[in-house]
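Just so we're on the same page: letters track the sequence lines, and every chain starts at 1.
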Amino acid sequence: METGKKVRVRYAPSPTGMMHVGNFRTALYNFLFARKHKGVFYIRIEDTDQSRFVEGGAENILRTLVAMGIEHDEGPFLKNDHIEQKGDFGPYLQSQRLIIYQQSANQLIASGKAYPCFCVPERLEKLRQEQEGAKIPTGYDRLCRKLGAEEIEKRQTAGEKFVVRFKMPQGDETTFEDMIRGKISFQNKLLDDYVLLKSDGYPTYHLANIIDDYLMGTTHVIRGEEWLPSTPKHVLLYKAFDWQVPYFAHLPLLLNPDRSKLSKRQGDVAVEDYLAKGYYPEAVLNFVALLGWNPGTEQEIFSLDDLTKEFSIERIHKSGAIFDHNKLNWLDDYYHKHKENRWLTPKDVDLRRELIKEFIPAHIISNANAATAMLGMIEQRLHGPSDIPHIPELFSFLENTPPYDSTLLLWKKMKSLAEAKTALIKIKEIISHINENDWDERIEIDVMDLAQKYGDRGAVLWPMRVALSGLDKSPGPVEIAKSLGRKETLKRIDEAVAKIN
RNA sequence: GGCCCCGUCGUCUAAUGGUUAGGACGUCGCCCCUUCAAGGCGGCAAUACGGGUUCGAUUCCCGUCGGGGCUACCA
C-alpha cells in the first residue's frame, strides 16, 4: 500500500432506483476498508444518464445506507428528506459538475488525446451490424479521427451534434495491478475509441468517474468485477491527463443460483426488498459481508464492529458467490433469537412481528389474549421472513378446520374410536368449566393435568389437537386452544365428538 | 465471435507443498416426545479433467473443459 497517503475511498452509485445487494456489498467493503485504515469514506452520486433518471433515487440510496448503519464522512446526506452536501471536494453529484467534464474534454482535444466525432447513432448501428455479420470484433471504425481542424470547425459551427472520443493509443499493452487478482494486461489495439462526452454535453461514466476520483483524492477504487474490462481504458485516461493511477480492487460478482450475475427476475435483489419483508438489517449485512470474503476463522456471526476489525482486502475472493437464501434465513433467525446481538434494530421494535399481525383474523385480534397467543405460535414456527407471505396456507386451520376423517382422531395406542370420543368428552367437560377470563392460564394447567392422570399423554393431546386443527401435523393443542379462544375451542371439540358414532 | 476473469461438498467457505481435505447453511438419520416444529447428537457430501515440476500437490506451471463478465452517446 502507498505510504503516508491517507486512504480515501468512495461508493459511487448511479441513482436508478433501488439499492442492489451487490452494490450494498461494494459500499460495505469500501466502508470497512476506510475504517480499517482510518481513512475517509465518501459518497458520490453518478447521475450522468438523463434517460435513466429516477425521481428520488439518490434519496432512496442514502436512506437505505442509514437503515443499514453504514455512515459516510463526505458527500450527500439526507436532512429532512432533502439532500445536503458535506465535504471539501464537492459538489458530490455529477450532474452539478458538468462544466468540469466539458473543460477536461476540451483540454484532451487540445492536447490531441481526444477528438470530436460527428457520426450519428444510425451510422454506428449499421456499422455494428456489418461487423457482426462479418464476424469481426465490433467497435468504432475511427472515421472521425481523420478529420482535419478545418472540417471540424466547419461542422461545429454548422451546429452538427458530436461526441468526444478518446484517441486510443495503438500498439503496446496496458497493464495494471489489481489488489485481488494481481497483474492484468490488455492489448491496446483491441480497445475502442470510446466516448468521453455525449452529444447532450453529459460525460460518460468513464470520463466523469476518472476525473472525480482524481479530483476527490480517491486512493483505492474498490468496485464490482463488471468494471474489470474497462479498467485499461481508465488507466489510459489517467495517463492522458498525466495523473497518478489509483489502486484497483475488483470484487467478485454476486450470483443467481444459475451462476449468472445476480438480477431481478430471479428474486429480490434490492436491500429495501429484504428490509420490507422483515429481515433484520444486521442479518442482511452479516450475510452479504461473508459473500466473497471471510476472516479465515470459523466465526459466522459478525457485528459491524467485528467486521471493521477483521476486514482485509487480501482475503477477498476471486470467484463469484451465489446469493443463497437458506443461509440468509438462518442468519435472520439467529438475530431473531439473539436480540442482544443486534446492533441496529431497536430491541423493542420487531418488524417481523408487525408483518405477522396482519395475518391474524379480525375476530381473533379483538381478543387480546388469543391474538397474542396466535402471534407467538406463528412466529415460533416460521423459518424466516420469506415464510410470512405463506402464513395463510401454513396456518389456514386457524380460520377453518379442514375436512378430516374421524379416524384421524384415533391415537395410535388406542384400540377404538370410542376411546377417543371418551377422551374428547372429558376434555370438554374440564375446559368448559374454565372461565373466559382465566382461559389463558387455566387451559394449559387443566389439560396437562388431565393428560397426566390419563397416564398416556397422547391419549388426551392427540385427539384434542386433531379436533382443533383437523391435521395430523400441527402446533400443540394447548397453543391452538389459546389462539382460538374458549368459544371456538369448545365448538371444534363438539364437532369432533359428533363425527364419532 | 473477440477480450478478460474465475474453477474445494448442492451453497458459503478453511487449508497456499506434507491434514483422516476442517467449519457453516441445506439435506438425511437418531434421540427427545402428543404429531409437526424447535432443541441435542450423528451421517452423506468436494479439490473439474489431463499433463508436467517435486520425495510429495487442493496449493506452482501448461493445456483442455466448464462457468461468468464485458463488448452502448448505461452505469
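- Qualifying side chain to side chain contact (heavy atoms under 4.5 Å, CB included) partners for Thr401(A), counting only residues two or more places apart in sequence or in other chains: Tyr404(A), Arg492(A).
- The salt bridge (charged side-chain N to carboxylate O under 4.0 Å, His left out) analysis of residues 447-458 of chain A, with sequence neighbours excluded, yields the pairs Asp449(A)-Lys453(A).
- For Ile184(A), whose side chain is taken as the heavy atoms from C-beta onward, the closest listed nucleotide among A14(B), G7(B), C5(B) is C5(B).
- The nearest heavy atom of RNA chain B to Asp333(A) and to Trp293(A) marks one nucleotide each, and the one closer to the 5' end goes with Trp293(A).
- Contacts classified as salt bridge (charged side-chain N to carboxylate O under 4.0 Å, His left out) and involving residues 328-338 of chain A (residues at least two apart or in different chains) are given here: Asp332(A)-Arg352(A), Asp333(A)-Lys337(A), Asp333(A)-Arg352(A).
- Arg223(A) comes within 4.0 angstrom of nothing in the nucleic acid, heavy atoms only.
- Note on residues 134-144 of chain A: pairs passing side-chain hydrogen bond (donor to acceptor under 3.5 Å, both in side chains), not counting sequence neighbours, are Arg123(A)-Asp141(A), Arg142(A)-Asp193(A).
- Straight-line distance between the C1' atoms of A21(B) and A72(B): roughly 46 Å, to the nearest whole Å.
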(message) Within the 4.0 Å limit for protein heavy atoms, which parts of nucleotides 40-46 of chain B are touched? Write it as a string from 5' to 3', B for base, S for sugar-phosphate only, - for none.
(response) -------
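- By the side chain to side chain contact (heavy atoms under 4.5 Å, CB included) test, Ser469(A) is found to be paired with Phe397(A), Arg465(A), Leu471(A), Ser474(A), Ile480(A), residues two or more places apart in sequence or in another chain being considered.
- Within the nucleic acid shown, Lys337(A) comes within 4.0 Å of sugar-phosphate atoms alone, with no base atom in reach, counting heavy atoms only.
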Distances under 3.5 Å between nitrogen or oxygen atoms of protein and nucleotides 18-26 of chain B:
| unit_1 | atom_1 | unit_2 | atom_2 | d |
| --- | --- | --- | --- | --- |
| G22(B) | O2' | Glu298(A) | OE2 | 3.4 |
| G23(B) | O4' | Glu298(A) | OE2 | 3.2 |
| A24(B) | O4' | Glu300(A) | OE2 | 3.1 |
| A24(B) | O2' | Lys327(A) | NZ | 3.3 |
| A24(B) | N3 | Lys327(A) | NZ | 3.2 |
| C25(B) | OP1 | Trp330(A) | NE1 | 3.4 |
| C25(B) | O2' | Lys327(A) | N | 3.4 |

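- Taking a pair to require two hydrogen-bonding distances under 3.5 Å in either a Watson-Crick or a G-U wobble arrangement, A38(B) remains unpaired.
- Considering only residues two or more places apart in sequence or on other chains, Glu125(A) meets the side chain to side chain contact (heavy atoms under 4.5 Å, CB included) condition with Arg128(A), Gln129(A).
- A distance of 6.0 Å or more separates the ring centres of Tyr115(A) and Phe166(A).
- U11(B) and A24(B) make up a base pair, with Watson-Crick or G-U wobble contacts both under 3.5 Å.
- Within the structure, salt bridge (charged side-chain N to carboxylate O under 4.0 Å, His left out) contacts touching residues 414-426 of chain A (residues at least two apart or in different chains) do not occur.
- Remark: the separation of the C1' atoms in A45(B) and C5(B) is 29 Å, to the nearest Å.
- Along RNA chain B, the nucleotide nearest Ile136(A) and the nucleotide nearest Met448(A) are compared for position; the residue whose nucleotide lies closer to the 5' end is Ile136(A).
- Within the structure, no pair that satisfies the salt bridge (charged side-chain N to carboxylate O under 4.0 Å, His left out) test touches residues 162-173 of chain A, not counting sequence neighbours.
- Comparing the C1' positions of C9(B) and U47(B) gives an interatomic distance of 10 Å, to the nearest angstrom.
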(message) Treating primed atoms plus P, OP1 and OP2 as sugar-phosphate and everything else as base, which nucleotides of nucleotides 69-75 of chain B get B, S or - for protein heavy atoms under 4.0 Å?
(response) BSSSBBB
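- Residues satisfying the side chain to side chain contact (heavy atoms under 4.5 Å, CB included) criterion with Ala373(A), sequence neighbours excluded, are Lys482(A), Ser483(A).
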